[in-house]
Amino acid sequence: MKLKRYADTSVKAATALLLAIALILSFTVSDYYIFNRIGEFNFLFVFSQWVKKAGLLLLPLAIFYKKKSCADIAKYILPPFVILSCGLFGKFFDITMLTGASNADEVYAHINEFIPKAANMTLYFIQCALYLAICVYLFVRDGFKVKGKSFIWLPFALIACMPLNIFENFFDINNISGNSFLRFKNFTLWHFLAIIVLAGFTIGSYYFLKNQTKEKQHTFLAAAAIVLLIQYHSKDSMVMGDGYNVYHTVFACIPLFICNIGVYVACISVFLKKRVLYAIAFFVHAAGAVTVFVYFGKDEMSNYGIFCSYSILYFCLTHCLLFALSVMPTALGHYKYRHKDCLIPLAYYFAVIIIASLSSALVSSASMEFTYNGYTLQEGEWLNPNYAFTQINPLPFEVPMWKLTVWRYDLNALYILGLYAAYVGIFYAMNGAYFAFLAVRKKVLRKPQEPLVPIRLSTEAASETAVTEEQTTEKTDEEKV
């Protein structure tokens with residue numbers, strides 16, 4: 001028994017280490033560079049890397065949630081592809097950020113490539129060894145027998161962890177004009193389809209989960225949270241390689257955007273089932289996720305590409321998952337939201353705005369002295385991380401300047417206060433809509449009371465009822481004494 005406990009603890013630690021290494025490796029350009037350049041690499045190697053991404057979903061569910069179906073898939077599918085990836089990597093570790101003719105690109109590349117090749121290779125092979133060791137443990141724990149129906153879930157795992165830049169193998173965004181119908185912009189067909197997908201995904205998830213047991217609901221929510229974290233951290237590699245939207249340096253990966261913080265809050269709330277985290281996710285991040293779907297910001301400050309580019313697919317998938325994870329615990333009855341639960345989220349959001357504002361100013365100030373190979377970034381090349389939208393106003397109107405200087409950068413304090421007030425208004429509007437929905441639903445679903453029908457008892461039944469009432473009265477009198 002003690003040996004089994006030690007083994008369980010060890011494999012949990014190994015799985016946690018595997019996930020931590022996967023997180024670190026997401027900050028290398030090579031991690032996602034290969035998926036939209038399949039022709040430049042061995043197809044088997046690219047597919048092996050995709051299967052390993054699915055392993056980041058299967059193994060936590062098999063180890064931490066003891067899902068036998070995930071264990072069955074992992075122990076038979078992962079090992080051959082892990083071994084293939086160890087022998088077919090080719091020039092994978094030599095990938096660096098593509099740089100253009102400008103000196104600024106060289107500076108950005110120097111900032112992004114902070115993990116040396118030797119460290120990248122070392123972590124990569126340690127990760128492969130951990131994959132294999134955990135799969136061996138699953139064979140020892142569960143034996144060689146598997147259920148055939150377990151493998152029904154394999155396609156779902158592969159689709160959930162699909163590298164979203166894989167569709168870029170079929171088009172070159174540079175050959176598509178900025179005015180093309182395929183481009184994703186505000187209030188286009190693609191924008192409205194994104195809103196419909198958000199609504200359909202959330203409603204579909206609710207109706208799928210509501211008839212499941214509470215244990216299965218928790219497991220599916222945990223799986224969705226793991227998928228969200230995997231897809232969210234794909235952005236790390238994309239930002240430093242091909243870029244995500246208008247961002248192209250590792251500073252954009254710091255989770256100080258409201259929805260980025262929301263990813264962690266919503267996921268941890270599902271894992272830990274803590275009331276305060278549920279409240280923050282429901283009050284702050286559900287409204288935040290919906291807001292950015294309604295308006296994506298000024299078109300000139302965004303570059304989502306076409307409807308199947310990585311940037312828009314990443315945005316839609318992660319925000320759909322974020323919204324669903326923020327509202328589903330309340331919708332399913334795992335947590336009952338109350339009016340007073342907004343107090344901590346309000347303070348939390350105020351702290352986020354302050355930290356995001358200061359951090360944006362500090363990064364911008366520091367970038368004014370970023371230098372590489374004798375070249376220092378010039379005005380216009382300085383970084384504006386715009387954490388929590390605190391630097392760049394996404395709305396189509398200007399706000400009067402109330403200057404607050406932090407190091408070398410001037411913040412607009414009036415705009416930041418207005419931003420906080422506007423979002424608080426949105427949070428309360430969502431909150432009010434939620435309670436209004438509950439009131440309407442209660443009224444609609446209330447069943448009319450059936451009129452009471454007098455029942456005539458037989459003589460024998462009436463006698464038994466009288467005796468029972470007499471005994472009840474005597475018992476009540478004894479309790480009073």
Side-chain angles (χ1 to χ4, degrees), residues 1-27 31 48-49 51-87 115 118-151 153-154 156-158 160-161 213-230 232-233 264 267-274 277 334:
M1 183 64 71
K2 187 176 289 188
L3 180 62
K4 182 178 182 302
R5 189 166 65 249
Y6 287 153
D8 287 346
T9 302
S10 298
V11 79
K12 286 179 180 178
T15 306
L17 180 59
L18 171 73
L19 298 174
I21 291 175
L23 170 62
I24 296 170
L25 289 176
S26 73
F27 288 97
D31 194 37
S48 297
Q49 290 295 97
V51 174
K52 286 163 67 177
K53 296 294 181 188
L56 299 176
L57 169 63
L58 295 169
L59 291 181
L61 291 175
I63 300 302
F64 295 112
Y65 290 88
K66 302 189 184 304
K67 301 305 295 180
K68 182 70 164 54
S69 57
C70 294
D72 288 347
I73 298 170
K75 66 187 183 185
Y76 277 104
I77 298 299
L78 283 178
F81 288 104
V82 170
I83 293 168
L84 278 173
S85 71
C86 290
I115 297 181
N120 185 5
M121 294 183 69
T122 301
L123 290 173
Y124 179 90
F125 288 110
I126 290 174
Q127 184 190 51
C128 289
L130 288 170
Y131 271 118
L132 296 175
I134 296 168
C135 289
V136 168
Y137 169 83
L138 293 175
F139 274 112
V140 173
R141 187 189 74 179
D142 301 333
F144 288 84
K145 290 185 66 176
V146 296
K147 293 180 179 179
K149 66 179 183 180
S150 294
F151 292 89
W153 294 103
L154 176 59
F156 292 99
L158 289 172
C161 299
T213 64
K214 201 159 190 176
E215 181 183 357
K216 284 188 176 180
Q217 289 175 355
H218 280 302
T219 303
F220 277 112
L221 289 175
I226 296 169
V227 170
L228 175 55
L229 289 169
I230 292 170
Y232 167 72
H233 281 291
Y264 293 111
C267 291
I268 295 172
S269 72
V270 168
F271 297 144
L272 301 183
K273 305 173 190 175
K274 294 295 184 182
L277 295 175
H334 299 181

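Keep in mind that the numbers below use all heavy atoms, side chains included, and drop hydrogens, waters and symmetry copies.
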In residues 54-70, what donor-acceptor pairs under 3.5 Å come from side-chain atoms, sequence neighbours left out?
residue, atom, partner, partner atom, Å
Lys68, NZ, Asp72, OD1, 2.9
Lys68, NZ, Asp72, OD2, 3.4

Check: Tyr131 side chain, Leu78 main-chain N or O, donor-acceptor pair, under 3.5 Å: no
Can you name the residues that form a salt bridge (Lys or Arg N to Asp or Glu O under 4.0 Å) with Lys149, not counting sequence neighbours? none
If you define the side chain from C-beta out and look only at heavy atoms, does anything of Leu130 sit under 4.5 Å from Phe125? no
Rounded to the nearest 0.5 Å, what separates atom OH in Tyr264 from atom CG in Leu277? 15.0 Å
Are Tyr76 and Phe139 packed together at the side-chain level, in the sense that at least one heavy-atom pair is separated by less than 4.5 angstrom? yes
Using salt bridge (Lys or Arg N to Asp or Glu O under 4.0 Å) as the criterion, list what pairs up with Lys53, not counting sequence neighbours. Asp31
Is any side-chain heavy atom of Ser85 closer than 4.5 Å to one of Lys52? yes
Does a side-chain heavy-atom distance below 4.5 Å link Lys75 with Val136? no
Considering only distance and modelled atom types, tabulate donor-acceptor pairs under 3.5 Å from the side chains of residues 12-26, sequence neighbours left out.
residue, atom, partner, partner atom, Å
Thr15, OG1, Val11, O, 2.8
Ser26, OG, Leu23, O, 2.5
Ser26, OG, Asp236, OD2, 2.8

What distance separates Lys216 NZ from Phe220 CZ, expressed to the nearest 0.5 Å? 7.0 Å
Considering only heavy atoms from C-beta outward, does the side chain of Val82 approach that of Ser48 to under 4.5 Å? no
With sequence neighbours left out, write down each residue that passes salt bridge (Lys or Arg N to Asp or Glu O under 4.0 Å) with Lys273, or none if nothing qualifies. none
Would Gln217 and Lys214 satisfy side chain to side chain donor-acceptor pair (under 3.5 Å), going step by step from the backbone distance to the final call? CA-CA 5 Å; Gln217 289 175 355; Lys214 201 159 190 176; over 6 Å; no
Exam field: side chain Thr219 to backbone Glu215, donor-acceptor pair closer than 3.5 Å: yes
Just verifying a value: how many Å separate Leu229 CG and Ile268 CD1, rounded to the nearest 0.5 Å? 8.0 Å
Residues which pass salt bridge (Lys or Arg N to Asp or Glu O under 4.0 Å) with Asp8, listed by chain and number, not counting sequence neighbours: Lys4
